[in-house]
2 protein chains.
Amino acid sequence: MFKRSIRVMIADDHHLFRNGLHDLLDQIRNIQVIGEADNGQELVRRTMETSPDIILTDIHMPLMDGIAATREIARRKPDTGIIVLTAFNKEEPILRMLDAGALGYVLKSADNEEIAEAIQTVSQRKPYFCREVTEKLTEIVSKNYQLPPDADLCFSEREKEIIRLICREFTSKEIAYSLNLSKRTVEGHRTRIMDKVGAKSIAGIITYAFRSGICYRK
Amino acid sequence: MFKRSIRVMIADDHHLFRNGLHDLLDQIRNIQVIGEADNGQELVRRTMETSPDIILTDIHMPLMDGIAATREIARRKPDTGIIVLTAFNKEEPILRMLDAGALGYVLKSADNEEIAEAIQTVSQRKPYFCREVTEKLTEIVSKNYQLPPDADLCFSEREKEIIRLICREFTSKEIAYSLNLSKRTVEGHRTRIMDKVGAKSIAGIITYAFRSGICYRK
DNA sequence: CACCCCCCAGGTATAAATACCTAATACAAA
DNA sequence: TTTGTATTAGGTATTTATACCTGGGGGGTG
């Protein structure tokens, strides 16, 4: 089966690094480097013009950083696979880039094979993270994610349903309407929930819901 | 370069599934299946005896589930690469298995190549997650991890103070008393806060507070 | 069967929150 | 100086929430 080559754009503010990466990618058969940019604005502009399949971008760049550029490109050309290629394995940039819409995250210390693998993977719309970043990611997850506490199990499905609706700013009347119940029934559930979690008002229900994982941050 | 074959152990309570997987793995050159287990206890015991390089295990199994078995094996034989092979792409089992020490997570719907790839990857001590799970993982991260919010800056200290008190279940009257203000003043702040965050009620204020990081989970 | 728990729903009453107003003070920036 | 914003505070009215009470129906279990 014939595979058309993957068209790649490089963005980094260091000329030498771009050169090295360009040479490296030129050696890979089905990859074609179609452009370079030394800042985020140029990256966005050239991406709009040339529609690369894959972008390899640094984070720290003048005029517009890689995060803002990624966000912009993810919005305007959502089919573009964006891979972050940066030196540091820090929590915040990883999360910001993920949030901005990057599909891959590879450290600059990566070897040639890994970069090639990242490009191949992301070009199929699959996420790719290098080992270090995956480790970081799992670390972040285990650090920030609280497993549903046993208390969770104390709630019936109905109760959890109502808790989530409460968190979404629905009043008892609205919840009753949407669940085809009486307003009094919803109020009854609400009271039971408050008793269970020891809350004095919906405020307590909501804080409990967030802290316990019944509701999520996003 | 000569590569010694990867010694794999299979754990699943379904005989047919073990068979199918066994046959599949037998077709891969450098993989050698050295044993099977149909429950977690047996998995741990046989792992202690035979020290496989890689374990492919289901989660739901009698006597001891895959999570407990993984935890045990990660503690007693930390060099073992454990890959979860399960049917469902749910948040909780993923996190539990990661926490327990699994390095890979592949859905049973995966094709042969993907399972082979997972084994190869994990045998190099690199984590491997199938696409769906990676997506879930990033979803979990972006859902639970809060970026330092810019919105935070939009609130005056007074407003943030009041937001935190609201989250702690204080009523306007109580807040007014504790801050030596009029109840009406607190209500005024509350209204301004609701306007700013686009909330319809305190529920909206609290969810905003959690999501933006003005209030914390733990 | 009796018992318990969940879900449902109603009454009555008070407290709290919200939606509209208005307006004075203070302090910093344009 | 003027402008803006934060903070303070009040009035009036309606809607919601909460605290008490009551009861029925269904499903599972000892």
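Bear in mind that the values here come from a model prediction, so they are computed numbers and not experimental data. As a basis for the values below, the full set of heavy atoms in this structure was taken, side chains included, without hydrogen atoms, waters or symmetry mates. Throughout, a chain's letter reflects where its sequence line sits, starting with A, and its residues are numbered from 1.
Closest approach of E159(B) and R192(B) over heavy atoms only: OE2-NE, 3.4 Å. For the residue pair I59(A) and D65(A), the shortest heavy atom distance occurs at O-CB, 3.2 Å. Here the shortest heavy-atom pairing between T80(A) and P52(A) reads CG2-O, 3.6 Å.
You'll find the side chain of D12(A) reaches within 4.5 Å of the side chain of K108(A), heavy atoms only. Counting heavy atoms from C-beta on, the side chains of L179(A) and I162(A) come closer than 4.5 Å.
For the helix from dC1(C)-dG30(D) to dA30(C)-dT1(D), the end axes, each set by the C1' atoms of five terminal pairs, are bent relative to each other by 50° (nearest 10°).
Judged as a side chain to side chain donor-acceptor pair (under 3.5 Å), and not counting sequence neighbours, H60(A) has no contacts. The side-chain contact (heavy atoms from CB on, under 4.5 Å) check on A199(B) picks up E169(A), M194(B), V197(B), I205(B), with sequence neighbours excluded. For the side-chain contact (heavy atoms from CB on, under 4.5 Å) test, no residue two or more places apart in sequence or in another chain qualifies with Y177(B).
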Pull out every protein N or O sitting under 3.5 Å from an N or O of nucleotides 4-7 of chain C, one pair per line with the distance.
{"from": "dC6(C)", "atom 1": "OP2", "to": "R192(A)", "atom 2": "NH2", "distance (Å)": "3.0"}
{"from": "dC7(C)", "atom 1": "OP1", "to": "S156(A)", "atom 2": "OG", "distance (Å)": "2.8"}
{"from": "dC7(C)", "atom 1": "OP2", "to": "S156(A)", "atom 2": "OG", "distance (Å)": "2.6"}

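A side-chain hydrogen bond (donor to acceptor under 3.5 Å, both in side chains) with S172(B) is found for one member of R184(B), E187(B), R190(B), H189(B) and no other, namely R190(B).
One atom, CD1 of I175(B), and another, C1' of dT7(D), lie 15 Å apart when rounded to the nearest Å. Rounded to whole angstrom, the span from the CD1 atom of I162(A) across to the P atom of dA9(C) amounts to 11 Å.
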| task | Using a 4.0 Å heavy-atom cut-off, write out nucleotides 13-23 of chain D from 5' to 3' as B (base contacted by protein), S (sugar-phosphate only) or - (no contact). | result | ---SSBB----
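The backbone N or O of M61(B) sits nowhere less than 3.5 Å from a side-chain atom of N39(B) that would complete a donor-acceptor pair.
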